[in-house]
Amino acid sequence: MKIWFNKINESRRSIFEVEDKDENGVPIDVEVTIGRDEANMLVLESPLVSRFHAVVRRKDNVFELENIGLNVCMIGETEIGVGESAQFDNGMPVRIWPYTLSFELETLPQVSREEFDGHVRKVMANLEQKIHKQLLERLDLVGMESSRTPDQKSILLLEHNIEDCCREMQVFSEENEELLNSVVGLVLRDLLTNQIILEGGQDAAKLAPLACNEFDVPATLIPERETELENLLRMLKDKLQIDIPTDTSEKVRIVDQKAQAVFPSFQRFLHGELRKYVILRALKKDLKDTVFGFGPLQDLLRVPTITEIMVVSSDQIYVETDGVIEKSGRRFISDHVTESVIERIVAQVGRRIDKSQPLVDARLPDGSRVNAIIPPLSVSGPCLTIRRFPKDRLTIEELINKQSLTSSAAAFLRAAVGNRRNILVSGGTGSGKTTMLNAMSSFISSKERIVTVEDTAELKMHQEHVVTLETRAANVEGTGAYTARDLVKNALRMRPDRLIVGECRGGEALDMLQAMNTGHDGSMTTVHANSANEVIERLELLVLMAVELPIKAIHRQIASALDLVVQLTRMQDGRRMVTQIAEVERMDEETGNLIVTDIFNARDGVMLRPTGHLPTFVDQLVDKNLLDLRFLYHEDRKSHGGVNVIDAQPPLARNIAGNPPTAELLP
């Protein structure tokens with residue numbers, strides 16, 4: 001039996017062999033102890049590993065892991081707690097942080113797609129780092145990088161020098177053939193992904209397969225090789241049946257998940273010259289992206305399925321797709337290159353970052369939100385976080401289709417917004433607060449004047465009469481800063497019908513509550529909180545950041561200002577759901593506490609459903625024909641994942657901009 005193991009961020013794997021047969025070649029039961037103590041059979045040298053961490057037993061070709069350490073172990077995506085045991089199959093990855101282990105019998109070690117991609121991309125990154133080092137000695141790369149729009153002469157000069165470096169380093173020698181076969185498979189997958197993204201629903205015949213790099217020079221493309229590559233990519237698309245789904249994100253997902261499995265059947269079409277051409281062109285593209293663009297982020301910024309890009313360090317770039325965070329496999333050449341790319345990104349919006357100002361928040365032209373921090377504040381090296389938003393924000397109907405909330409809850413929120421109720425959206429980071437706030441804003445009449453206040457403009461109102469205000473950081477001299485509180489105070493002088501604050505995270509919470517109490521009904525904002533009850537505690541703290549007030553006085557302000565709290569939760573599988581809609585009813589004069597009552601909540605493991613509690617303002621919703629109580633509490637049971645959940649019939653409530661239907665109440 002062989003045990004392959006390596007640290008999480010290292011591609012080189014070590015092997016530990018255990019005798020699992022007797023002298024006659026008959027398999028015998030095996031027990032392997034694992035830990036950092038020298039008494040173990042397999043020693044993993046790390047202070048994060050317990051002295052005696054786990055015991056792995058093999059009996060009749062079945063593996064069993066017993067956790068005897070102080071920390072959890074992972075088998076695949078399953079956590080094995082202290083004192084627990086679990087069986088696993090041959091080749092399944094086992095994680096004892098910071099190590100990954102793979103147990104094999106007579107077959108080759110099973111390598112997951114993520115591990116394979118990470119290894120191949122690291123090989124490419126190491127090669128690019130060596131070439132980049134030589135290019136620094138040959139060319140004035142700093143001068144090239146400073147050019148916002150590189151000319152063809154500079155691009156050609158760079159490409160020719162890359163070819164010279166590859167020739168001198170003998171990259172395409174026979175001894176590298178096996179590795180090059182792995183590299184070319186990953187390159188083709190990236191090319192196909194980029195082609196799908198650029199097509200964007202257009203006729204594929206109108207676009208060349210490699211017309212996905214902004215810094216290409218047609219003169220360096222070989223027509224014969226381009227034709228061969230075009231045919232190969234077309235065959236890959238047919239094999240993967242890419243044209244069946246219409247959604248670009250779904251096509252990208254299919255390529256990412258299935259291309260590696262089908263690629264071996266296309267190896268025969270890759271003769272030596274074509275393979276060399278494809279890999280050399282990929283090296284040129286990556287290095288041109290590094291010199292003129294955003295390096296390894298250039299392609300990630302195009303993928304529509306990616307909602308967040310997180311650069312932890314130069315060799316660790318994570319992405320969030322469908323609510324799940326995973327390692328991208330891509331990496332920067334060095335910390336210096338990472339800082340250069342960060343400077344290039346923030347320079348687009350007139351911001352700067354350097355040792356004297358090592359922290360910056362910015363918004364990209366496409367609306368993406370950027371946070372960057374570099375040493376000395378970031379000890380591990382330059383860090384970058386880019387939160388991307390879809391071009392078209394999700395509507396309430398789409399949120400219902402995604403099962404983020406029910407249609408009955410959506411109808412109630414529509415009625416509450418139409419009745420000018422003050423609403424606060426709460427939730428954790430990345431739970432979908434801004435998306436929900438944006439969706440609810442579509443219920444506001446187009447005849448009303450809206451003023452929005454945000455740190456970084458993210459809201460996309462559906463109305464025309466909207467004034468958007470954005471905070472500004474201090475300049476180099478430390479002056480010129482305008483905080484959210486400054487803008488909220490100014491917004492109140494702009495005669496808003498509705499005031500929408502993207503997020504309250506400081507003293508502006510007091511000004512927001514005062515605005516809600518002084519004639520600006522129908523205002524909305526968001527805060528970070530884990531439940532509707534915790535919202536009250538959060539608001540207490542935010543108000544106290546602005547002024548010293550008795551808690552009872554703060555509670556009176558909240559009770560008179562706030563009507564509804566919409567709580568969102570990010571589930572373990574990455575989905576965002578509305579899990580609570582609660583009314584802030586009143587303050588108990590005896591205890592001084594606020595009474596918060598759920599109108600909808602998610603309980604018993606099913607989706608959001610009504611509690612049966614009628615909001616105190618329900619008579620107004622009915623009188624104004626905004627809501628029909630039969631719709632609000634009518635139960636239409638549907639099967640969802642084996643569990644009966646409560647949904648609702650199509651809305652009977654009026655469209656706020658249209659004519660209300662006649663409401664008939666239950667007797």
Side-chain angles (χ1 to χ4, degrees), residues 77 249 252-253 297 300-301 303-313 316-328 345 359-364 366-373 378 383-396 398-405 409 423-441 452 454-460 471 484 500-506 509 524-532 534-535 538 542 565-581 602 607-608:
E77 299 300 324
S249 299
V252 170
R253 195 174 290 110
L297 307 184
L300 298 179
L301 287 168
V303 182
T305 56
I306 294 177
T307 54
E308 195 117 20
I309 301 173
M310 294 157 278
V311 179
V312 178
S313 59
Q316 293 187 68
I317 302 176
Y318 290 84
V319 295
E320 182 186 59
T321 306
D322 296 330
V324 180
I325 297 175
E326 59 185 5
K327 206 169 183 179
S328 70
I345 290 174
L359 176 65
V360 67
D361 282 302
R363 184 186 74 255
L364 295 182
D366 66 352
S368 299
R369 190 171 67 193
V370 176
N371 174 269
I373 183 168
S378 175
C383 292
L384 178 70
T385 306
I386 302 177
R387 175 168 292 184
R388 305 178 65 232
F389 300 98
K391 292 182 180 179
D392 299 317
R393 293 298 175 85
L394 294 176
T395 62
I396 284 290
E398 289 170 323
L399 292 176
I400 294 172
N401 293 336
K402 290 178 177 290
Q403 298 181 340
S404 294
L405 79 164
I423 302 175
L424 185 147
V425 181
S426 63
T429 301
S431 59
K433 298 186 298 297
T434 302
T435 300
M436 189 67 197
L437 185 63
N438 203 77
M440 289 196 303
S441 70
T452 67
E454 299 176 83
D455 283 332
T456 303
E458 298 172 9
L459 294 172
K460 291 185 178 180
T471 62
I500 299 179
V501 178
E503 181 178 348
C504 285
R505 53 164 62 97
M524 294 184 280
T525 187
T526 72
V527 298
H528 280 78
N530 294 323
S531 69
E534 289 188 21
V535 165
R538 175 73 171 156
L542 296 180
V565 176
V566 180
Q567 177 69 33
L568 288 105
T569 303
R570 178 174 172 173
M571 314 306 288
Q572 289 185 348
D573 59 3
R575 291 183 301 123
R576 280 84 165 173
M577 286 182 58
V578 178
T579 54
Q580 194 178 9
I581 300 177
M607 288 179 62
L608 196 70

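Applying the side-chain hydrogen bond (donor to acceptor under 3.5 Å, both in side chains) test to Thr569 and every residue at least two apart in sequence or in another chain returns Thr579. For Ile373, the side chain to side chain contact (heavy atoms under 4.5 Å, CB included) test picks out Leu359, Leu377, Ser378, Cys383, with sequence neighbours left out. By the side chain to side chain contact (heavy atoms under 4.5 Å, CB included) test, Ala372 pairs with Ile342, Ile353, Val360, Leu384, sequence neighbours left out. By the side chain to side chain contact (heavy atoms under 4.5 Å, CB included) test, Glu320 pairs with Thr307, Glu308, Met310, Ile325, Arg570, Arg576, sequence neighbours left out. With sequence neighbours excluded, no residue forms a side-chain hydrogen bond (donor to acceptor under 3.5 Å, both in side chains) with Asn438. Scanning for side-chain hydrogen bond (donor to acceptor under 3.5 Å, both in side chains) contacts around Asn401 gives an empty result, with sequence neighbours left out. Residues satisfying the side chain to side chain contact (heavy atoms under 4.5 Å, CB included) criterion with Ser404, sequence neighbours excluded, are Leu399, Lys402. A search for side-chain hydrogen bond (donor to acceptor under 3.5 Å, both in side chains) contacts involving Thr435 returns nothing, not counting sequence neighbours. Listed by chain and number, the residues in a salt bridge (Lys or Arg N to Asp or Glu O under 4.0 Å) with Arg253 are Glu250, Asp322 (sequence neighbours excluded).
Judged purely by atom type and a 3.5 angstrom limit, Gln580 uses its side chain to pair as donor or acceptor with the backbone of Ala532.
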Check against side-chain contact (heavy atoms from CB on, under 4.5 Å), Asp455 and Glu503: CA-CA 8 Å; Asp455 283 332; Glu503 181 178 348; 5.9 Å; no
Derivation of the side-chain contact (heavy atoms from CB on, under 4.5 Å) call for Val565 and Ile423: CA-CA 6 Å; Val565 176; Ile423 302 175; over 6 Å; no
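At a threshold of 4.5 Å between non-hydrogen side-chain atoms, the residues Thr434 and Thr526 do not count as touching.
Between Ser441 and Ile500, the shortest heavy-atom contact is CB-CD1, 4.4 Å. Taking both residues in full, the closest heavy atoms of Ile306 and Arg388 are given as O-NH1, 2.8 Å, listed atom of the first, atom of the second, then distance. Across all their heavy atoms, Thr395 and Ala439 have their closest contact at C-CB, 4.3 Å. Here the closest heavy-atom approach between residue Val501 and residue Thr525 is recorded as O-OG1, 2.9 Å. For the residue pair Cys504 and Leu542, the shortest heavy atom distance occurs at O-CD1, 3.5 Å. Here the shortest heavy-atom pairing between Met440 and Met524 reads CE-SD, 4.0 Å.
With rounding to the nearest 0.5 angstrom, the CG atom of Asn530 is 10.5 Å from the CZ atom of Arg538. Separation of atoms CG (Leu300) and OG1 (Thr321) is listed at 9.0 Å; rounding is to 0.5 Å. Distance check: Leu608 CG to Leu405 CG gives 7.0 Å after rounding to the nearest 0.5 Å. The structure places CD of Gln403 at 11.5 Å from CE of Met571, a figure rounded to the nearest 0.5 Å.
Thr385 and Asn371 share no side-chain donor-acceptor pair at under 3.5 Å.
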Distance-only donor-acceptor pairs under 3.5 Å for side chains of residues 424-433, two or more places apart:
| from | atom 1 | to | atom 2 | distance (Å) |
| --- | --- | --- | --- | --- |
| Ser426 | OG | Gln567 | OE1 | 2.4 |
| Thr429 | OG1 | His528 | NE2 | 3.4 |
| Ser431 | OG | Gly428 | N | 3.3 |
| Ser431 | OG | Gly428 | O | 2.7 |
| Lys433 | NZ | Gly428 | O | 3.0 |

